[in-house]
Each structure stands twice: as C-alpha cells, then as structure tokens.
Protein chains: 2
Amino acid sequence: MTSSPPPRADRCSCAGLRKATRHLTQHYDQHLAPTGLNIGQYSLLANLARRSPIAPGAFAALMAMDRTTMGRNLQPLEREGLVAVAVDPADRRSRLVSLTAAGQARLDVARPLWAAAQTAFEDRFGAAQAATLRGLLATLIATDLATAH
Amino acid sequence: MTSSPPPRADRCSCAGLRKATRHLTQHYDQHLAPTGLNIGQYSLLANLARRSPIAPGAFAALMAMDRTTMGRNLQPLEREGLVAVAVDPADRRSRLVSLTAAGQARLDVARPLWAAAQTAFEDRFGAAQAATLRGLLATLIATDLATAH
DNA sequence: TTGAATTGCGTGTATATACGCCTATTTTGC
DNA sequence: GCAAAATAGGCGTATATACACGCAATTCAA
C-alpha cells in the first residue's frame with residue numbers, strides 16, 4: 001500500500017505568511033535604507049510616537065511581540081538615542097520607554113520614505129487588495145490562538 | 001501652524017504582516033515543539049521533500065529567502081542529519097541539498113502536529129477566511145516589488 | 001587560449017525572534 | 001509585619017534574516 005498524498009506545503013497559512021513577510025520586508029527596508037532604520041524599527045518608533053511613555057511589557061503586548069524581543073529591539077534604538085528607557089518611579093520593577101526629540105526627528109525624516117514604499121506596494125499589488133489584506137491580518141492578530149482549550 | 005496628521009502606523013501593510021507572522025508563528029511552533037522542529041524548519045523539510053535534490057540558491061529563490069539566510073537555516077538541519085549537502089559534480093561551484101531518510105522520518109512524525117496546528121487555526125480564524133488569506137499572500141509573493149522602474 | 005566577467009556560496013556582522021532561567025520589586029495572605 | 005506569590009524585566013542561548021565582502025569555479029570574448 002502507498003501512503004496517503006502528503007499535504008501540500010503551500011497550503012500552510014503560516015509558511016505563506018512568513019514567505020510574504022520576507023518578500024515585503026525587503027521592499028520596505030530598501031526604501032527606508034537611507035534613514036538608517038528598517039521597517040521594524042520604523043514601526044516601533046511610529047507606534048511609540050502615539051503612546052510614549054509606555055512600559056516595555058505593555059508595548060510588547062501591543063506589538064504582538066515577545067517581551068524579551070521587545071527588550072532586544074529597543075537596544076539599538078536606545079544606543080542611537082532615538083528612545084529613552086527609565087525606571088518607572090511609580091513601580092520600580094517597571095520601565096518607561098519614551099520617544100526622544102532625536103527619535104521624533106528621525107521619524108519625520110523616515111515618514112515620506114515609508115509612504116513611498118507603501119504607495120509603491122499598493123500600485124503594484126492593488127490598493128483594494130491591500131486594504132482587504134490589512135483587514136484580514138488585523139482579524140488574525142485579534143484571534144486568540146492559545147493552545148489551551 | 002500644526003503639522004498634518006501623521007499616517008497611522010496600523011495602516012502599514014508590512015507592519016501588519018510582520019505582526020501577524022509573529023502571532024501565527026508562535027501558534028505553529030507550540031504545536032511542533034515536541035518534534036524539535038519549528039515551523040520554518042518544518043517548511044524547509046516539507047518543500048525539500050518534493051524537490052530534493054536542489055541547489056541552495058534555487059531553493060532560496062523558491063522560498064523567497066535570501067541566499068545567505070537559506071545557508072544559515074540549513075546548518076542546524078544538516079548538523080542533525082535531516083538534510084545532506086554535497087558538491088554538485090556537474091558544477092563544482094554549486095551544491096545539492098537532499099532530504100535524508102532521517103529527515104523524511106522526522107517529517108512524517110511532524111506532519112500530524114502541523115495538521116493539528118493548521119486545523120486549530122482554521123477553526124478559530126475561519127477556514128474560508130484562511131483560504132482567502134492564503135490566496136492574497138500567494139498573489140503578494142508573486143508580485144514584483146523591485147525598486148527599479 | 002587566456003584574461004575578464006559572471007555565477008554560486010561561504011563568512012563576518014548586525015538586527016529579529018523567543019525560550020528558559022535569573023534578579024528585583026510589589027502585592028497578597030495570614 | 002512578614003513570608004509567599006505574583007509581576008516586570010534582564011541575560012544566555014539558539015535560530016531567523018539579510019547586507020557587504022571575498023573566494024572558487026565556470027563562462028564569455030577577443
């Protein structure tokens with residue numbers, strides 16, 4: 001007897017998502033390269049601009065990112081003086097991450113380059129499809145996938 | 001005068017994609033953990049199963065992955081004996097990556113755990129939405145985003 | 001045929017991601 | 001009040017990702 005036909009690898013939602021992320025990240029990173037930021041760093045600064053100051057743990061949850069990943073990702077930004085991390089006086093276990101003036105300035109420089117990347121993407125992929133995709137992704141992010149039942 | 005309202009960071013297709021990828025990757029990785037593989041490694045083995053042997057460069061292009069990333073990702077799999085890399089006798093610049101018997105065996109063990117992760121995802125996200133998402137992602141991956149005009 | 005251009009890969013470096021383990025601080029139960 | 005539990009975060013380790021650079025083998029052109 002032969003084994004049943006193996007599930008096609010291209011039906012894996014996760015692999016498709018990861019593959020598409022690699023593809024699109026390279027596009028945005030190329031546009032942002034002159035600013036010295038990648039799309040991950042740009043995204044952190046842009047989100048921080050609307051929520052500064054915020055605790056690293058809360059920021060990580062907001063970005064659907066592991067707590068320790070957030071800590072590592074903040075390090076190069078802190079080293080360059082784009083964000084500042086200080087002990088929270090109200091709870092000295094916690095920290096407060098703030099966008100600095102240099103961080104805001106860098107963000108202002110990067111924003112039009114990000115917009116160019118976004119526009120170029122939508123021109124090629126289709127603005128309507130892009131909007132549909134963003135909607136699906138937002139739903140996915142809001143979907144509880146905890147293994148426990 | 002005040003500056004114009006900044007574009008919302010949550011309208012960035014790339015950031016949304018990256019965020020969703022983190023979310024979904026953790027789900028699949030948790031299901032696959034007993035196999036000692038993560039979803040990236042599983043995806044490599046599953047794709048290799050249908051195309052072995054293949055040159056690293058061609059494999060990288062197939063996975064929309066940088067050539068050097070592919071090389072690095074193959075290292076732990078090679079160390080565990082799940083894939084084998086040999087010089088291509090027809091062109092000694094090139095290599096041929098093959099799935100080993102141990103790699104096939106590991107894949108057979110992992111497949112039902114991957115299927116459980118996929119099923120759990122579709123149960124919670126919706127199978128129809130998941131299919132729509134995979135279609136959009138496939139289109140995105142096939143979209144040429146080269147910066148040059 | 002032989003030097004130049006091309007091609008295929010590996011390495012060094014840097015950031016991204018997350019698990020396990022640890023310390024410090026706060027909160028809770030008694 | 002004080003000890004236990006819970007919470008916030010750092011660090012070691014491992015893999016993921018990709019750019020710049022360099023080497024070896026092949027192909028191309030004069």
Side-chain angles (χ1 to χ4, degrees), chain A residues 14-15 17-30 32-34 36-45 54-61 63-80 82 85-97 147, chain B residues 14-15 17-30 32-34 36-45 54-61 63-80 82 85-97 147:
Chain A
C14 191
L17 205 46
R18 292 171 60 87
K19 197 167 167 179
T21 294
R22 286 191 294 267
H23 191 55
L24 198 56
T25 294
Q26 289 188 40
H27 169 72
Y28 279 75
D29 279 357
Q30 280 168 17
L32 284 174
L37 297 174
N38 60 36
I39 183 60
Q41 297 171 326
Y42 175 83
S43 179
L44 281 188
L45 293 183
I54 186 174
F59 198 18
M63 304 293 289
M65 186 180 286
D66 186 85
R67 176 182 66 74
T68 65
T69 301
M70 174 60 72
R72 308 275 169 164
N73 288 358
L74 288 174
Q75 285 174 4
L77 299 176
E78 190 179 12
R79 191 193 319 134
E80 285 199 63
L82 306 180
V85 183
V87 172
D88 182 352
D91 184 343
R92 289 181 318 183
R93 288 173 303 186
S94 189
R95 308 281 185 272
L96 287 176
V97 187
T147 305
Chain B
C14 190
L17 206 45
R18 292 170 61 88
K19 197 167 166 180
T21 295
R22 287 191 293 268
H23 190 57
L24 198 56
T25 294
Q26 289 188 40
H27 170 71
Y28 279 74
D29 279 358
Q30 280 169 17
L32 285 173
L37 297 174
N38 60 37
I39 183 60
Q41 296 171 328
Y42 175 83
S43 179
L44 282 187
L45 293 183
I54 186 174
F59 199 18
M63 304 294 289
M65 187 180 286
D66 186 85
R67 176 183 65 74
T68 64
T69 301
M70 175 60 72
R72 297 258 142 94
N73 289 357
L74 287 174
Q75 285 175 4
L77 299 176
E78 190 179 11
R79 190 193 319 134
E80 285 199 64
L82 306 179
V85 182
V87 171
D88 182 352
D91 184 343
R92 289 182 317 185
R93 288 173 302 187
S94 190
R95 307 280 186 272
L96 287 175
V97 186
T147 305

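Lettering of chains follows the sequences in order, A, B, ..., and the numbering in each one begins at 1.
- Among the protein residues, B/Arg95 comes within range of the sugar-phosphate backbone only, with heavy atoms under 4.0 Å from sugar or phosphate atoms but none that close to a base.
- Distance CE (B/Met65) to P (D/dT15): 15 Å, rounded to an integer number of Å.
- Here the closest non-hydrogen pair linking A/Arg72 and A/Pro76 is O-CD, 3.2 Å.
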Base-pair string, DNA chain D, Watson-Crick plus G-U, cut-off 3.5 Å on both distances, | for inter-strand, is ||||||||||||||||||||||||||||||
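- Using a 4.0 Å heavy-atom criterion, one finds that B/Asp29 contacts no nucleic acid atom at all.
- Put simply, CD on B/Gln75 is 16 Å from P on D/dA18, counting in whole angstrom units.
- Under the 4.5 Å side-chain criterion, counting only non-hydrogen atoms from C-beta, B/Asn38 is not in contact with B/Leu32.
- A donor and an acceptor atom sit less than 3.5 Å apart, one in the side chain of B/Arg67 and one in the base of C/dG10.
- Nucleic acid contact for B/Gly71: none, since no nucleic acid atom lies under 4.0 Å from a heavy atom of the residue.
- When heavy atoms are screened at a 4.0 angstrom cut-off, A/Gly40 is found touching no nucleic acid atom at all.
- If you take CG of A/Leu74 and C1' of D/dC11, they are 15 Å apart, rounded to a whole angstrom.
- For A/Met70 against A/Pro56, the heavy-atom pair with the smallest separation is CG-O, 3.8 Å.
- For D/dA18, the OP1/OP2 oxygens have a side-chain nitrogen or oxygen of B/Thr69 closer than 4.0 Å.
- Across every non-hydrogen atom of B/Gly36 and B/Gln41, the tightest pair is O-OE1, 3.8 Å.
- The side chain of A/Gln41 sits closest to C/dA16 out of D/dA16, C/dA16, C/dA24.
- The side chain of B/Asn73 contributes an N or O atom lying less than 4.0 Å from OP1 or OP2 of D/dA16.
- For the pair A/Asn38 and A/Pro89, both in contact range of DNA chain C, the more 5′-proximal nearest nucleotide belongs to A/Asn38.
- The interatomic distance linking A/Met70 (CE) with D/dG10 (P) rounds to 11 Å, in whole Å.
- Below the 3.5 angstrom threshold, one finds a donor paired with an acceptor across the side chain of A/Arg72 and the base of D/dG12.
- Closest to the side chain of B/Ser94, out of C/dA18, C/dG8, C/dA16, is C/dG8.
- Between B/Ser43 and A/Arg18, every side-chain heavy-atom pair lies at or beyond the 4.5 Å cut-off.
- Minimum atom distance to the side chain of A/Arg18 is reached by D/dT17, of the listed C/dT15, D/dA25, D/dT17.
- On a pure distance criterion of 3.5 Å, no polar donor-acceptor pair joins the side chain of B/Thr68 and the base of C/dC9.
- Taking only side-chain atoms of B/Arg22, from C-beta outward, the nucleotide of C/dT15, C/dA18, C/dT26 with the closest atom is C/dA18.
- For the pair B/Tyr28 OH and C/dC19 P, the computed distance is 17 Å after rounding to whole Å.
- Minimum interatomic distance between A/Thr21 and B/Thr21 (heavy atoms only, all atoms of both residues): OG1-OG1, 2.7 Å.
- Within 4.0 Å (heavy atoms only), B/Asp88 reaches no atom of the nucleic acid at all.
- With rounding to whole Å, B/His23 atom NE2 is found 11 Å from C/dA18 atom P.
- The distance from the OH atom of B/Tyr42 to the CG atom of B/Leu37 is 9.5 Å, given to the nearest 0.5 Å.
- Note: CD (A/Gln26) to C1' (C/dT15) measures 14 Å, nearest angstrom.
- Residues B/Asn73 and B/Met65 meet the side-chain proximity criterion, which asks for heavy atoms closer than 4.5 Å.
- Between A/Leu96 and B/Pro76, the residue anchored nearer the 5' end of DNA chain D, judged by the nucleotide with its closest heavy atom, is A/Leu96.
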In sequence, state the C-alpha distance, the side-chain angles, and the governing distance for B/Arg95 and B/Asp88, and then conclude on side-chain contact (heavy atoms from CB on, under 4.5 Å).
CA-CA 5 Å; B/Arg95 307 280 186 272; B/Asp88 182 352; over 6 Å; no
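- Going from atom CD of A/Gln30 over to atom C1' of D/dA18 covers 11 Å, rounded to whole Å.
- With hydrogens and angles ignored, a donor-acceptor pair closer than 3.5 Å exists between the side chain of B/Arg93 and the base of C/dT7.
- Remark: B/Arg92 is not in phosphate contact with C/dG8, judged by side-chain N or O atoms under 4.0 Å from OP1 or OP2.
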